[in-house]
> 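Right, I'll just put the structure down here and ask away after.
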Amino acid sequence: MSLSRLVAVLALTLLVLPVSAEPIPEKLELVKVTDRVYSAIGATAPGTYENHGHNNNLSFIVGEEGVVVFNGGDNYKLAQSFHNAIKSITDKPVKYVANENAQGHSMLGNSYWRDQGVPIIAQDFAVDEFAHHGEAKLARMKARNKDKGEGTYVAVPDISFTDRYELDLGGLAVELLYFGAGHAPGDIALWVPEEKLLITGDLGFHQRLLAVFEDTAVGAWIDSFDKMTEQLDPVIVIPGHGEPTTIDVVEKETKGYLVFLRDSVIEILERGGGLDDAYALDQSQWSYLDTFEELAAKNAGRVYQDLEFDFF
């Protein structure tokens, strides 16, 4: 083979080789929210191989007798990295893991926690959803995460509840609360009364545009958000996505956007507009949020399809 041909073959080989990404870190970086609450803040972007599927917030609360983890993580190795981070803060054992809903990045890391013998808790609808569709979620994660998905398996939560589940970490009360349908089946929030701290799960977004899925109930989500804010008075909020903030910010960028979207689509339907009008809806006032380009038009289209039969 001539030298020029060899160079050409090597160049072509380099083009088709996969681009390497950083491995999952030994331990995730943590944000100290209070003396007893920490969070590993996920990317405000879709889950990718490059971000290890860590595109939601993984949080934990430290009590006198142990730790509660909120969210199992996207995969086994990511959950292990999160656990290493927890152990860098406290030597107290993880007593419970709670899943915010049935999405893969909440539940697939359950496999790691199951292997540690930790009880896993979720709301009834989330448990049912994951039991029936967990294998499909696992397959999608493994296709995206490749080697980073190794070791992950479907571990359905072993404790379920309907409206409320209370935990005692040794003088520190933690409440898991279901306020109704929202972003995904079985969305729950975590409330620490003594800290006046609320982890909204996917009932609350900020810094990135929320996503409306086929099983998202926009109207019910607005009602659930109202129910949550009427019952609780948090000083600190850790949303499902984005850095810790206040309830006013989360309300603006979650409920505010949902109300805008619902009312705008209803206006389109009332004047006899079609699906194309929904896709073309001017949402530029929300364009400062991450994932706006990926989600805005899709969100409007899904809301239109959900509401259109009410106008026939």
> Do S81 and N84 have side-chain atoms, one donor and one acceptor, less than 3.5 Å apart?
no
> Can you find a pair of side-chain heavy atoms, one from L198 and one from L190, that are under 4.5 Å apart?
no
> For residues T246 and D248, is any side-chain donor paired with an opposing acceptor at under 3.5 Å?
no
> State, yes or no, whether a side-chain contact exists between V31 and Y38 at a heavy-atom distance under 4.5 Å.
no
> Any chance the side chains of D277 and Y304 put a donor and an acceptor closer than 3.5 Å?
no
> Would you mind reporting whether S106 and N71 have side-chain heavy atoms less than 4.5 Å apart?
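In contact.
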> How about L58 and F70: do any of their side-chain heavy atoms sit closer than 4.5 Å?
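With C-beta onward as the side chain, the pair stays apart.
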> Considering only NZ, NE, NH1 and NH2 on the basic side and carboxylate oxygens on the acidic side, decide whether E65 and K92 come within less than 4.0 Å.
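No.
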> Check the angle between the aromatic planes of Y76 and Y153 and answer parallel, tilted or perpendicular using the 30° and 60° thresholds.
tilted
> Please give me the minimum heavy-atom distance between A296 and Q283, naming the atom from each residue.
O-NE2, 2.7 Å
> Report yes or no: does T34 contribute a side-chain atom to a donor-acceptor pair with the main-chain N or O of R36 at less than 3.5 Å?
yes
> Regarding R302 and E214, does a basic nitrogen lie under 4.0 Å from an acidic carboxylate oxygen?
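A salt bridge is absent here (no side-chain N lies under 4.0 Å from a carboxylate O).
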> More than 12 foreign heavy atoms under 6.0 Å from CZ of F125: is that the case here?
no
> Take H105 and H52, measure what ring pair (Phe, Tyr, Trp, His ring centres under 6.0 Å) needs, and give me the verdict at the end.
CA-CA 10 Å; H105 61 192; H52 329 302; over 10 Å; no
> Taking the side chain as C-beta and beyond, is there a heavy-atom pair between V67 and K95 under 4.5 Å?
no
> Measuring only between side-chain heavy atoms, which start at C-beta, is H183 closer than 4.5 Å to W221?
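They are in side-chain contact.
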> If a pair satisfies salt bridge (Lys or Arg N to Asp or Glu O under 4.0 Å) and one of its residues is in residues 120-136, list it, with sequence neighbours excluded.
E129-K137
> Under a plain distance cut-off of 3.5 Å, with no hydrogens placed, do H241 and D202 share a side-chain donor-acceptor pair?
yes
> Please determine whether side chain to side chain contact (heavy atoms under 4.5 Å, CB included) holds for the pair E50 and E22, giving the CA-CA distance in whole Å, both sets of side-chain angles, and the decisive distance to 0.1 Å.
CA-CA 7 Å; E50 288 72 22; E22 291 295 322; over 6 Å; no
> Closest heavy-atom contact between I41 and P244?
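Nearest heavy atoms, I41 then P244: CD1-CD, 3.9 Å.
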> What heavy-atom pair brings G72 and A79 nearest, and what distance separates the two atoms?
O-CB, 3.4 Å
> Under a 3.5 Å distance rule, please check whether S264 uses its side chain to pair with a backbone N or O of L261 as donor and acceptor.
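Judged by distance alone, no pair lies under 3.5 Å.
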> Show your working on side chain to side chain contact (heavy atoms under 4.5 Å, CB included) between R114 and I120 and close with a plain yes or no.
CA-CA 8 Å; R114 175 66 44 79; I120 302 166; 3.7 Å; yes
> Taking NZ, NE, NH1 and NH2 as the nitrogens, is one of them in E150 or K142 under 4.0 Å from a carboxylate oxygen of the other?
no
> May I ask you to establish whether K148 and Y49 are in a cation-pi arrangement, using a distance under 6.0 Å from NZ or CZ to the six-membered ring centre and at most 45° from the ring axis?
yes
> Quick one: does any side-chain atom of T90 pair with a main-chain N or O of I86 as donor and acceptor, under 3.5 Å?
no
> Test: salt bridge (Lys or Arg N to Asp or Glu O under 4.0 Å). Region: residues 291-301. Which pairs qualify, not counting sequence neighbours?
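Applying salt bridge (Lys or Arg N to Asp or Glu O under 4.0 Å) to every pair that reaches into residues 291-301, excluding sequence neighbours, yields nothing.
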> Roughly how far apart are N101 CG and I188 CD1, rounded to 0.5 Å?
8.5 Å
> Measure across L295 and A211 and return the closest heavy-atom pair with its distance rounded to 0.1 Å.
CD1-CB, 3.9 Å
> Using a cut-off of 6.0 Å, state whether more than 12 heavy atoms not belonging to Q116 lie near its atom CD.
yes
> Kindly assign one of parallel, tilted or perpendicular to the pair F260 and W286, based on the angle between their ring planes and the thresholds 30° and 60°.
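F260 and W286: tilted rings.
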> Please report the closest heavy-atom contact between N57 and G242, naming both atoms and the distance.
ND2-O, 2.8 Å
> Would you name the heavy atoms of N55 and G47 that are closest together and state the gap between them?
ND2-N, 3.1 Å
> Do the side chains of L269 and E308 get nearer than 4.5 Å, heavy atoms only?
yes
> Give me the one residue out of V237, L197, L177 that meets side chain to side chain contact (heavy atoms under 4.5 Å, CB included) with L232.
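Considering V237, L197, L177, a side chain to side chain contact (heavy atoms under 4.5 Å, CB included) with L232 is found only for L177.
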> Can you confirm whether V174 sits close enough to L169 that some side-chain heavy atom of one is under 4.5 Å from a side-chain heavy atom of the other?
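A side-chain contact under 4.5 Å exists here.
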> So, the side chain of S224 versus the backbone of A181: is there a donor-acceptor pair under 3.5 Å, distance only?
yes
